[in-house]
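We name chains A, B, ... by the order of the sequence lines, and we start the count at 1 in each one.
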Amino acid sequence: MRILTSWLKEFVAFKVPVKALAEDLTMLGLEVEEIESVHKGLDSVIIGHVEETIPHPRASHLKICRVSLGREEVQVVCGAPNVKEGQLVALARPGTVLPGDKVIRPTKIYGVRSEGMLCSGEELGIGHDSTGILVLEPGPGINVGRPLIEAMGIDDWVLDIGVTANRPDCLSVLGVAREVSAMYDIPLYRGQGSEVRTQGSEIPISIENPELCRRYAAAVMEGVKVGPSPDWLITRLEASGIRSINNVVDATNYVLMEYGQPLHAFDLDRLIGPEVMVRTARSGETITTLDGRERELQSDMLVIADRERPIAIAGVMGGSETEVDVDTGQILLESAWFTPVQIRRTSRALKLSTEASYRFERGIDPNGVMRALYRVIGLIAQIAGGHLVGTTDIYPRPYRDREVSLRPQRANRLIGIDIGSEKMADLLKRIGIKVLYAGDKEIRAIVPSYRPDLKEEVDLIEEIARLYGFSNIPTLAPRARIVTQAPDPSQGLIKKIKNVLMAHGMTEVISYSFVSPRDIDSLGFSRDDPRMQIVKIQNPLSDDQSVMRTNLISSLMGAVARNQAHRNQDLALFELGAVFYNSTSGELPKEEQRLALLYTGSRHSDLWSGPKGQIDIFDLKGVLEGLFQAIRVSEWKVVSNTPHDPFYLPGSSARIVWRDGSVLGTFGEVAQDVLDAWDINGPIFVSDLSMDSIERASCRQITFCPLPRYPAVERDTAIVVSDQVSVQDLMDYISTKAPEVLEGVKVFDVYRGRPVPEGSKSIGLRFRYRAPDRTLSDQAVSKAHRRLIRSVLQYYKAELRE
Amino acid sequence: MRDRLDKIRAQVLEAIDSTSDEKALEDIRVRVLGRKGELTLILKTIGRLPLEERPEIGRLANRLKEEIEESIRARKEVLRRLYRRSQIEGLDLTLPGRCRPLGSLHPITQVMDEVCYIFERMGFTVVHGPEIELDFYNFEALNIPPDHPARDMQDTFYIDDKVLLRTHTSPIQARVMETQRPPLRIIAPGKVYRCDSSDTSHTPMFHQLEGLMVDRDVSFAGLKGVLTSFVQQVFDPDTHVRFRPSFFPFTEPSAEVDIQCVMCKGKGCRICSHTGWLEVLGAGMVHPEVFRHVGYDTERFTGFAFGLGIERIAMLKFGIDDIRLFYDNDLRFLQQF
Ligand SMILES: [Zn+2]
């Protein structure tokens, strides 16, 4: 809402400078988002005294003027015929921006230096005389050296106020003036005007749906001369952000801005009947609105109609067929009150929001309808001629005063202050609330008709808090009982996971939860895969963000694509976040937290020492092992991934299974098809994990194990087995045959190549033996170890590697 | 003969002290103590000396031999240390260490953790709610009925007529109050979604943190206390804070919390649109209508709620001028945090 301070001053005589006014309004809840000078750019237009004029030696129509600004003198070249010695003039110094974006710079005119320009009223945008420069009459405040705008007292500002949805009353100059009046406790000049009922006009008016239109008032004027508006009105409308159309339309908009009451003017001669009906649209009806668009009307939309057709969409926009233009002589002016929800639905259905609909849907003052109508009649008579024939006011459901009561003690407790009920009543009175009774236990009051937001006790409490001043409310420690609620364990787990991954060199990314359907398609899921149960957004911003992601892999692919485009080739990324699936059960789609890891590029490529070369799958698996260790997920193993997720390269992915058989996730190398679809370089290794499963597998209880009292003995043995045998197989078998004293087994080497026969590999295993109650003898260990190895060799038809 | 021994002694000991490597030392040993060494020869010829000189010359020569051997041994030790030191002299400690490069946590995660931590120290507990939410919890339970103009404050992504992407973390309030009785002190962090096109200050997804405290005597003054403390912890202990009236359908009185601009210290700059203030939080006393929806007795309980945008705080803390950078996932950005 753009409010001119000069306009505001017609209602309330505030004395503070504009900056303080803006600050105070902001602290009252009317946030001033911007202060704009109407005479922007004219700060360096200074009042000067013409000391001397001499003719320009090379141009007879120009004069070289010596102008005093008090402390200094400047020389300007001036072509105005009326410039004379001894005048008080307006000198635009370099840096001035005149209306029309004309910038004043020091210049030379036919070889003579000119440090500014003497301006006419028109050039400054503060008058209309363009025949010569502005000559000021000496008077109080008109002092040489003063900025012109300030000296003339015509400084004017636009306050851009962010009016919250609960305060439709402040969508007008009057409404803001009321707040200013309450804030400074100073009188309001206008806006209290009483309603005068006059003779009805001849035009029949009827309301078919009084539940949608509480009040409809109209006035007929004749002899109106439609033409351009006077400058002062255009200036105010434009400053308020409204384009000038013609004097009649401008007058309705002017009163709209002033009183917040939307008004409409019809060309009465173009009304069939003439007759006015407020009714819902009939099926198939259309209307061409003032913006030139033909619109189909739905039967739940309210229209203003003449005898035959809709002539306006009630509260939203008028029709072009009854538009006021230069040929108009008689007009019908409408001032009405429509039901907010009705206007909002229509405006949304038509995707058409106007100054009128914006106010109606928030609620205007039902008692302000006639006041605005009289104001616009007067204004039109003033600027477009014509005279009033008569007015009609159909008011089937009159507004009834609303009484709200308040308990002062409750207000004090809720706000955290301690003020008496007299003081509270006084604050309420300032904003137009009629206090019926003010006692210690209760204040009963009638709220004004322009405040639809004041409905119950707490609404009045808010007004008291606001008027008392939020900054006057103390800042205290809250008075509340301690709440003993253990934190959600997943929160700590997530934090730990992120920190461990970071320590492993991985960088966290966060991607949008919505993706393109193509992103999901790129991973090649079969149709019955749950990850094809895609949740679609009804009203996406674009096709690229039109569905909710069902997995994190595509999000990471997107991150790789963007980074490879920036030549970031070596990537270690992870994302932890929700994915979404359609679900037949429950009211909401299924939401699942997942964790995805990604590795690609070379290993420590920018380090002078340390392992080098391309990242491979074991770099990723190593991170997983470290992660599981850190969050205490034990007894997990890797099993073949059949059927494998289609985004993995066949044969190079695996599942991670916990001891209870639940799948924690998968890891593997990304398939070439996926790389091609994203146009990214591989190899890329990813892991996709379920946070729910991990959380279940993560052991939160740590139990201390007594330290071993006897030394361990180790035995290294390399076994040559078929390539088909996996380490996991081997370990599983060993664990079934393990003697009691076997504490653990580790793989320390895997070797293929001569002298190991083709199709086989040598696996180096380190066995650790220990007994809890004695030192094992060499012979005992050797015996147990030999027996174990013999059994392994037999089972796998394997050999020892010498 | 005695003179000769003295001369050998002086020469050899000096030569030993000036050797710079073990080979030179060995050369000296061979020249003096070797099979044909100077001193060896003297020792061999002692028998030819007059009888009365023999014992003394023999003693002197043997002592000299021991002395030289000892000197060589000592010098060898010195040379070894020098040698090690010279090896260390080739060491360039300015080379980078052999370390696995650290990754980084997303700046939003870092700020979210910090913000949660501050509230957790004030006794708040973290709770979560669904990102795809029912219209009921997102709007109606928060006193935003259908066709209410307040719905314009938040452009909503819809899944269907009843299901939407939550536009704020506030629905968690209603969900928690449905199942728990006061006293309550919760915070609810998470992603939220608004149907806004991207620009330097908008992205269609961002992060919020919602807070709620309900008990028998919670007041606006307490709200001011908690949020002032929060702001001064997350920014600077000297940060000026102001509360100004605003409107949210689910709180009343409602406030917007501004901090003095961190860029210009209140003088007015581009970041704060020349007001000197930056809006960082929305807050207010829980509206009785919200309590009625969850069956709380509005006479017995009062509470306050607040919400803040994590991106906003992160941008102010780190001096980031374009919110979209958070979701570009560009390593050059992410690794700065
Ligand atoms: Zn600033």
> Of the non-hydrogen atoms in Leu414(A) and Pro253(B), which two are nearest, and what is the gap between them?
CD2-CD, 4.1 Å

> Between chain A and each of Met213(B), Gln180(B), Met122(B), His148(B), count heavy-atom pairs under 4.5 Å; write down the option with the most.
His148(B)

> Quick check on Asp155(B) against chain A: is it the side chain, the backbone, both or neither that has a heavy atom closer than 4.5 Å?
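No part of Asp155(B) comes within 4.5 Å of chain A.
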
> Residues in side-chain contact (heavy atoms from CB on, under 4.5 Å) with Ile494(A), at least two apart?
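For Ile494(A) the side-chain contact (heavy atoms from CB on, under 4.5 Å) partners, ignoring immediate neighbours, are Lys498(A), Leu576(A), Met691(A).
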
> Given heavy-atom pairs under 4.5 angstrom as the criterion, report whether the side chain, backbone, both or neither of Leu573(A) touches chain B.
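Side chain only.
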
> What part of Glu279(B) gets within 4.5 angstrom of chain A, counting heavy atoms only: side chain, backbone, both, or neither?
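When you check distances to chain A, only side chain atoms of Glu279(B) fall under 4.5 Å.
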
> Looking at residues at least two apart in the chain, or sitting in another chain, which of them share a salt bridge (Lys or Arg N to Asp or Glu O under 4.0 Å) with Arg324(B)?
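Arg324(B) satisfies salt bridge (Lys or Arg N to Asp or Glu O under 4.0 Å) with Asp322(B) only.
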
> With a cut-off of 6.0 Å (strictly less than), are more than 12 heavy atoms of other residues, nucleotides or ligands near CZ of Arg121(B)?
yes

> At a heavy-atom separation under 4.5 Å, does Ala480(A) approach chain B through its side chain, its backbone, both, or neither?
both

> Is it the case that the side chain of Asp215(B) and the backbone of Arg481(A) share a donor-acceptor pair, with hydrogens and angles ignored and the cut-off at 3.5 Å?
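Yes: the side chain of Asp215(B) pairs with the backbone of Arg481(A).
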
> Which bit of Val535(A) comes within less than 4.5 Å of chain B, counting heavy atoms only: side chain, backbone, both or neither?
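Looking at Val535(A), just its side chain touches chain B.
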
> Atom CD of residue position Glu587(A) - does it have more than 12 heavy atoms of other residues, nucleotides or ligands inside 6.0 Å?
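At most 12 heavy atoms, drawn from other residues, nucleotides or ligands, come within 6.0 Å of this atom.
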
> If you compare all heavy atoms of Ile132(B) against all heavy atoms of Leu588(A), which two are closest, and at what distance to 0.1 Å?
O-CD1, 3.5 Å

> If you round to the nearest 0.5 Å, how far is CZ of Phe220(B) from CD of Glu462(A)?
9.0 Å

> Checking Arg479(A) against chain B: side chain, backbone, both or neither under 4.5 Å from a heavy atom?
both

> Between Glu289(B) and Lys455(A), does any side-chain N to carboxylate O distance fall below 4.0 Å?
no

> Counting only heavy atoms closer than 4.5 Å, note whether Leu227(B) contacts chain A via side chain, backbone, both or neither.
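Neither part; nothing is under 4.5 Å.
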
> Let me know if Glu299(B) has heavy atoms under 4.5 Å from chain A in its side chain, its backbone, both or neither.
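Backbone plus side chain of Glu299(B), per the 4.5 Å heavy-atom cut-off to chain A.
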
> Can you tell which part of Val218(B) gets under 4.5 Å to a heavy atom of chain A, answering side chain, backbone, both or neither?
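When you check distances to chain A, atoms from both the backbone and side chain of Val218(B) fall under 4.5 Å.
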
> Looking at chain A, which one of Gly303(B), Cys116(B), Pro204(B) has the largest number of heavy-atom pairs inside 4.5 Å, strictly under?
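That would be Pro204(B).
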
> So which heavy atom on Arg413(A) is nearest to which on Ser219(B), and how close?
O-CB, 3.3 Å

> Just so I know, are the side chains of Thr109(B) and Ile510(A) near enough to count as touching, which here means a heavy-atom distance under 4.5 Å?
yes

> So does His240(B) have more than 12 non-hydrogen atoms from other groups sitting under 6.0 Å from NE2?
no

> To the nearest 0.5 Å, how far apart are OG in Ser246(B) and CG in Asn166(A)?
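Spacing of OG (Ser246(B)) from CG (Asn166(A)) equals 8.0 Å.
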
> What's the separation between atom CD1 in Ile108(B) and atom CD in Glu508(A), rounded to the nearest 0.5 Å?
10.0 Å

> Chain B: which of Leu30(A), Ile537(A), Val458(A) shares the most heavy-atom pairs with it under 4.5 Å?
Val458(A)

> Out of Lys162(B), Arg242(B), His274(B), Arg244(B), return the one with the most heavy atom pairs under 4.5 angstrom to chain A.
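Highest number of heavy-atom pairs under 4.5 Å: Arg244(B).
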
> Could you walk me through whether Arg151(B) and Arg344(A) pass the side-chain contact (heavy atoms from CB on, under 4.5 Å) test, one step at a time?
CA-CA 11 Å; Arg151(B) 291 209 174 195; Arg344(A) 180 169 170 83; 3.8 Å; yes

> Could you state the interatomic distance from CZ (Arg410(A)) to OG1 (Thr302(B)), rounded to the nearest 0.5 Å?
6.5 Å

> Which answer fits Asp459(A), side chain, backbone, both or neither, if we ask what part of it has an atom under 4.5 Å from a heavy atom of chain B?
both

> Could you look at Arg567(A) and say if it's the side chain, the backbone, both or neither that has a heavy atom under 4.5 Å from chain B?
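Interface part for Arg567(A): neither.
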
> Can you name the nearest heavy-atom pair linking Asn568(A) to Asp330(B), along with the distance?
ND2-OD1, 3.4 Å

> Using non-hydrogen atoms and a 4.5 Å limit, figure out which bit of Met506(A) sits close to chain B: side chain, backbone, both or neither.
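For Met506(A), the backbone is the part near chain B, not the side chain.
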
> Do you know which two heavy atoms are closest between Pro478(A) and Phe304(B), and how far apart they sit?
CB-CE2, 4.4 Å

> Please indicate whether Gln538(A) has more than 12 foreign heavy atoms, meaning atoms of other residues, nucleotides or ligands, lying under 6.0 Å from its CD.
yes

> Check whether Glu591(A) gets within reach of chain B through its side chain, its backbone, both or neither, counting any heavy atom under 4.5 Å.
side chain

> What option among Glu120(B), His106(B), Met205(B) has the most heavy-atom pairs under 4.5 Å with chain A?
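Highest number of heavy-atom pairs under 4.5 Å: His106(B).
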
> Please work out which of the three classes, parallel, tilted or perpendicular, describes the rings of Phe514(A) and Tyr193(B), given edges at 30° and 60°.
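The arrangement is perpendicular - the two ring planes meet at more than 60°.
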
> If you compare all heavy atoms of Phe470(A) against all heavy atoms of Ser254(B), which two are closest, and at what distance to 0.1 Å?
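Smallest heavy-atom distance, with atoms named: CE2-O, 3.4 Å.
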
> Highest number of heavy-atom pairs under 4.5 Å with chain A: which of Thr228(B), Asp217(B), Leu102(B), Leu223(B)?
Asp217(B)

> Can a donor-acceptor pair be found, under 3.5 Å and without considering hydrogens, that links the side chain of Asp488(A) to the backbone of Thr125(B)?
no

> Quick one: which of Glu33(A), Arg466(A), Arg345(A) has the most heavy-atom pairs under 4.5 Å with chain B, could you say?
Arg345(A)

> Report which part of Asp160(B) has an atom under 4.5 Å of a heavy atom belonging to chain A: side chain, backbone, both, or neither.
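Backbone plus side chain of Asp160(B), per the 4.5 Å heavy-atom cut-off to chain A.
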
> Please classify the contact between Gln491(A) and chain B as side chain, backbone, both or neither, with a heavy-atom cut-off of under 4.5 Å.
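For Gln491(A), side-chain heavy atoms alone lie under 4.5 Å from chain B.
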
> So do Asn539(A) and Phe157(B) actually touch side chain to side chain, heavy atoms under 4.5 Å?
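In contact.
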
> Is Pro340(A) close to chain B through its backbone or its side chain, or both, or neither, when contacts mean heavy atoms under 4.5 Å?
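For Pro340(A), neither part sits under 4.5 Å from chain B.
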
> Salt bridge or not between Asp328(B) and Arg562(A)? Use side-chain N to carboxylate O under 4.0 Å.
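Salt bridge between Asp328(B) and Arg562(A), a charged N being under 4.0 Å from a carboxylate O: no.
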
> Sort out for me which of Ile415(A), Val341(A), Leu28(A) touches chain B most, counting heavy-atom pairs under 4.5 Å.
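Most heavy-atom pairs within the cutoff with chain B belong to Ile415(A).
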
> Is Gln545(A) in contact with chain B via its backbone, its side chain, both, or neither, using a 4.5 Å heavy-atom distance?
side chain

> Chain A: which of Lys191(B), Arg216(B), His287(B), Met285(B) shares the most heavy-atom pairs with it under 4.5 Å?
Arg216(B)

> Nearest 0.5 angstrom please: Leu105(B) CG to Asn499(A) CG, how far?
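One finds 5.5 Å between CG of Leu105(B) and CG of Asn499(A).
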
> At what distance, to the nearest 0.5 angstrom, does CD of Gln593(A) lie from CD of Glu131(B)?
6.5 Å

> Can you tell me which portion of Glu456(A) sits under 4.5 Å from chain B's heavy atoms? Options are side chain, backbone, both or neither.
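The answer is the side chain of Glu456(A).
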
> Tell me, for Phe580(A) versus chain B, whether the close heavy atoms (under 4.5 Å) come from the side chain, the backbone, both or neither.
side chain

> Can Thr475(A) and Phe243(B) be said to form a side-chain contact (heavy atoms from CB on, under 4.5 Å), step by step?
CA-CA 10 Å; Thr475(A) 301; Phe243(B) 291 74; 5.6 Å; no

